Amino acid sequence: MTPRTYRNPILDADWSDPDVVRVGDDFYLTASSFGRAPGLPLLHSRDLVNWTLVGHALDRLEPAEEFERPRHDCGVWAPSLRCHDERFWIFWGDPDQGIFQVNAPEIRGPWTRPHLLKAGKGLIDPCPLWDDETGEAYLVHAWAKSRSGVKNRLTGHRMRPDGTELLDEGKVIVDADRIPGWFTLEGPKLYQHDGWYWILAPAGSVETGWQGAFRSRGFFGPYEEKIVLEQKDTDVNGPHQGGWVRTATGEDWFLHFQQRGAYGRVVHLQPMRWSSDGWPVLGDDGAPVSVHAMPDLPPQPPAAPATDDDFPGGRYGRQWQWTANPGDGWATQHSADGLRLACVRSADAHDLRKLPSVLTQRLPGAPSTVEVELRLDSDEPGARAGLAVLGDAFGWIGLQRGTDGTAHLVHRFAEAVAEAERDAAHPRLAPEGRARLRIEIGADARCHFSADTGDGFRPSGPVFAATPWRWVGALLGLFALAPTGQGHAGAASFTRFRISPS
């Protein structure tokens, strides 16, 4: 009988900085969500390969006033997910504010409001550990040089077991400036195994780095180190930063990301074992695998985080996130299918990157075709709505109301250095105020735009190469906007959002 296998990446989209925990027969994963809301996505699996999105732990980012506008590379960085004392815990660093935690009795909540555990600039990538033998609790975190002037070191603290307070000023427990060849040490995950304290932490930068392991007989060190996963002769660049999990049958696995440009940080699953000298061995003797035998777990049906949406009752699915904390009335619930977005008035309507009212989901990592149907229900001159590929540069296609009351199909873009969008194709009439919009995403995230205004799909404009932000992959977005002015500016309706393999 041919053994069942899986192929990497197991999550082929931007699920950045993953961490994982097992509770019974269930596995749960969270990831960075940066400045989008809701934040802290929660994924579930029974076999470590097929994952579904079951919710978010963070409804809104705090303090709320800091996230009324997009801060695409800020917010929630590199969370750690743990289960302790019959509760789920997530710790993360906001590089501008400090280390936060939330907790809940069940993975679907209710989750507590964020608690600021340690205030300060540049405090990132925290991970807790509860020592069940001694009753002690610890926390380790890394540093962002952009905010603190410090990097390449890990700081450890003793922590109250209830996760509300740190009990000391902290001590540098790993200084990678003292390790020849190591730089940008970050993303630590803290464990106990075989009488050792273990820190699994990446170094060497997100695109070209490696995964390190550190061990010590005491939490505060001294630690010895070893590289346990690196690219070697594979095509998986920078394989690192993730979490270790052990199945109920005793198998060990490691989930980590790979930086893939506009696609963001896709997630890989590596087999893991322990060598005769007590160190972990990841992948194929330290090199990432592309295909491997499935974990020894009960077979599960194929699954992936949802992408398609009919917006029943005007509600959008869990896969969607706003580019900042949402405002009242942006999306209206109703009795039929379809997403009804208010045309939000803004002085920044010329630049989607500055707008909090863009509803987004992750760009798929494989060639795909994205489609949605749009109706512009606004008579406001300048009101517009559309389908976007959003990043440091952006492009969109949609409808805009003219000063004479007619609706036009428009296609616009902005380069990364541009402060405003401009036309990517000549506008054309959309006589019914409706359009089917399509983006075909090919290799290297090269996007071809087209639209059907009643006479079949027609291509629009030149190819657009999607770009990420600094830490965030490109996003697909739906939006409805209007120029500044008084009163309600109408709305736009989106139906039948679909992503299909190309």
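Treat the numbers as computed from the prediction; the structure is a model and nothing was measured.
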* Asked: Between Lys118 and His141, is any pair of side-chain heavy atoms under 4.5 Å apart?
  -> yes
* **Glu380: which of Arg401, Arg345, His488 passes side chain to side chain donor-acceptor pair (under 3.5 Å)** => Arg345
* **Donor + acceptor pair across side chains of Gln259, Asn237 (<3.5 Å)** => no
* **Test side chain to side chain contact (heavy atoms under 4.5 Å, CB included) applied to Leu437 and Leu374, Leu478, Thr453, the passing residue** => Leu374
* Can you tell if the side chain of Phe67 reaches within under 4.5 Å of the side chain of Pro356, non-hydrogen atoms only? -> no
* Got a sec: does the CD of Glu65 have more than 12 other heavy atoms crowding it under 6.0 Å? -> yes
* Asked: side-chain hydrogen bond (donor to acceptor under 3.5 Å, both in side chains) with Trp111: which residues, sequence neighbours excluded?
  -> none
* Asp392/Arg353 salt bridge by N-O under 4.0 Å criterion -> no
* Aromatic centroids of Trp320 and Phe497 separated by under 6.0 Å -> yes
* Asked: Who pairs with Asp73 by salt bridge (charged side-chain N to carboxylate O under 4.0 Å, His left out), at least two apart in sequence or on another chain?
  -> none
* To do: For side chain to side chain contact (heavy atoms under 4.5 Å, CB included), just list the numbers for Cys127 and Arg82, CA-CA rounded to whole Å, side-chain angles, deciding distance to a tenth of an Å, and then say yes or no.
  => CA-CA 9 Å; Cys127 185; Arg82 294 292 182 266; 3.2 Å; yes
* Mark yes or no for whether Asp19, through its side chain, and Leu81, through its backbone, hold a donor-acceptor pair below 3.5 Å. => yes
* Sorted by first residue and then second, give each salt bridge (Lys or Arg N to Asp or Glu O under 4.0 Å) pair with at least one member in residues 317-343; sequence neighbours left out. => Arg340-Asp377
* Structure fact -> Closest heavy-atom pair, Trp15 versus Leu11, reported as atoms and distance to 0.1 Å, is CD1-CB, 3.7 Å
* Hey, does the Lys NZ or Arg CZ of Arg36 hover above the aromatic six-ring of Phe34, less than 6.0 Å from the centre and inside 45° of the axis? -> no
* Asked: Would you call Arg446 and Asp444 a salt bridge, using N to O less than 4.0 angstrom?
  -> no
* Minimum heavy-atom distance between Leu481 and Leu352, given as atom pair plus value -> CD1-CD2, 3.8 Å
* State, to 0.1 Å, how close Ala489 and Ala482 come at their nearest heavy-atom pair, and which atoms those are. => CB-CB, 3.5 Å
* Test log, rule side-chain hydrogen bond (donor to acceptor under 3.5 Å, both in side chains), inputs Tyr316 and Trp322 -> CA-CA 11 Å; Tyr316 48 86; Trp322 300 100; 2.9 Å; yes
* Asked: Between Arg265 and Asp17, is there a side-chain N and carboxylate O pair less than 4.0 Å apart?
  -> yes
* Asked: Can you pull the side-chain hydrogen bond (donor to acceptor under 3.5 Å, both in side chains) pairs that have at least one residue in residues 422-434, sequence neighbours excluded?
  -> Arg412-Asp423
* Check: Lys121 main-chain N/O paired with Gln97 side-chain donor or acceptor under 3.5 Å -> no
* Would you mind checking if Asp96 and Arg147 are paired as a salt bridge, meaning a charged N to carboxylate O distance below 4.0 Å? => yes
* Structure fact -> Sorted by chain and number, sequence neighbours left out, salt bridge (charged side-chain N to carboxylate O under 4.0 Å, His left out) with Glu62 holds for Arg113
* **Residue pairs fulfilling side-chain hydrogen bond (donor to acceptor under 3.5 Å, both in side chains) with at least one residue in residues 460-475, sequence neighbours excluded** => His411-Ser460
* To do: Considering only NZ, NE, NH1 and NH2 on the basic side and carboxylate oxygens on the acidic side, decide whether Glu421 and Arg384 come within less than 4.0 Å.
  => yes
* **Stepwise side chain to side chain contact (heavy atoms under 4.5 Å, CB included) test for Tyr6 and Leu269** => CA-CA 9 Å; Tyr6 71 89; Leu269 177 67; 3.8 Å; yes
* Is a side-chain donor-acceptor pair under 3.5 Å present for Ser502 with Thr369? -> yes
* Asked: Do the charged groups of Arg87 and Glu106 touch, with an N to O distance under 4.0 Å?
  -> no
* Stepwise, does the side chain to side chain contact (heavy atoms under 4.5 Å, CB included) test hold for Trp51 with Leu29? -> CA-CA 9 Å; Trp51 293 87; Leu29 180 149; 3.6 Å; yes
* **Stepwise side-chain hydrogen bond (donor to acceptor under 3.5 Å, both in side chains) check, Asp14 with Ser16** => CA-CA 5 Å; Asp14 187 27; Ser16 179; 4.6 Å; no
* To the nearest 0.5 Å, tell me how far Ile99 CD1 sits from Gln101 CD. => 11.0 Å
* Leu40 backbone acceptor or donor facing Ser33 side chain under 3.5 Å -> yes
* **Main-chain N/O of Asn50 paired to Ser45 side chain as donor or acceptor, under 3.5 Å** => yes
* To do: Determine, step by step, whether Phe479 and Trp330 satisfy the ring pair (Phe, Tyr, Trp, His ring centres under 6.0 Å) criterion, reporting the C-alpha distance in whole Å, the side-chain angles of both residues, the deciding distance to 0.1 Å, and the verdict.
  => CA-CA 10 Å; Phe479 68 91; Trp330 288 357; over 10 Å; no
* **Whether Asn8 side chain and Val289 backbone form a donor-acceptor pair below 3.5 Å** => yes
* So, Tyr28 versus Phe88, ring centres under 6.0 angstrom or not? -> yes
* Side chain of Gln319, backbone of Thr307: donor and acceptor closer than 3.5 Å? -> yes
* Apply the test side-chain hydrogen bond (donor to acceptor under 3.5 Å, both in side chains) to residues Thr495 and Glu373: give CA-CA distance (whole Å), side-chain angles for both, the deciding distance (0.1 Å), then the verdict. => CA-CA 5 Å; Thr495 53; Glu373 298 176 6; 3.3 Å; yes
* Is the backbone of Asn103 close enough, under 3.5 Å, to the side chain of Thr112 for a donor and an acceptor to pair up by distance? -> yes
* Asked: Taking the six-membered ring of Phe457, is the NZ or CZ of Arg438 close enough (under 6.0 Å from the centre) and on axis enough (within 45°)?
  -> yes
* May I have the step-by-step check of side-chain hydrogen bond (donor to acceptor under 3.5 Å, both in side chains) for His256 and Gln241, ending in yes or no? => CA-CA 5 Å; His256 67 91; Gln241 187 150 338; over 6 Å; no
* **Pair Glu371 + Arg498, salt bridge at N-O below 4.0 Å** => no
* Apply the test side chain to side chain contact (heavy atoms under 4.5 Å, CB included) to residues Arg108 and Val54: give CA-CA distance (whole Å), side-chain angles for both, the deciding distance (0.1 Å), then the verdict. => CA-CA 7 Å; Arg108 291 171 174 82; Val54 297; 3.4 Å; yes
* Asked: Is a side-chain donor or acceptor of His115 paired with a backbone partner of Thr164 at a separation under 3.5 angstrom?
  -> yes
* **Donor-acceptor pair, side chain of His334 and main chain of Gly338, under 3.5 angstrom** => yes
* **Test item: Asp308 side-chain N/O and Ile499 main-chain N/O as donor-acceptor pair under 3.5 Å** => yes
* To do: Verify salt bridge (Lys or Arg N to Asp or Glu O under 4.0 Å) between Asp26 and Arg46, making sure each step is shown before the conclusion.
  => CA-CA 5 Å; Asp26 298 289; Arg46 284 281 179 102; 2.4 Å; yes
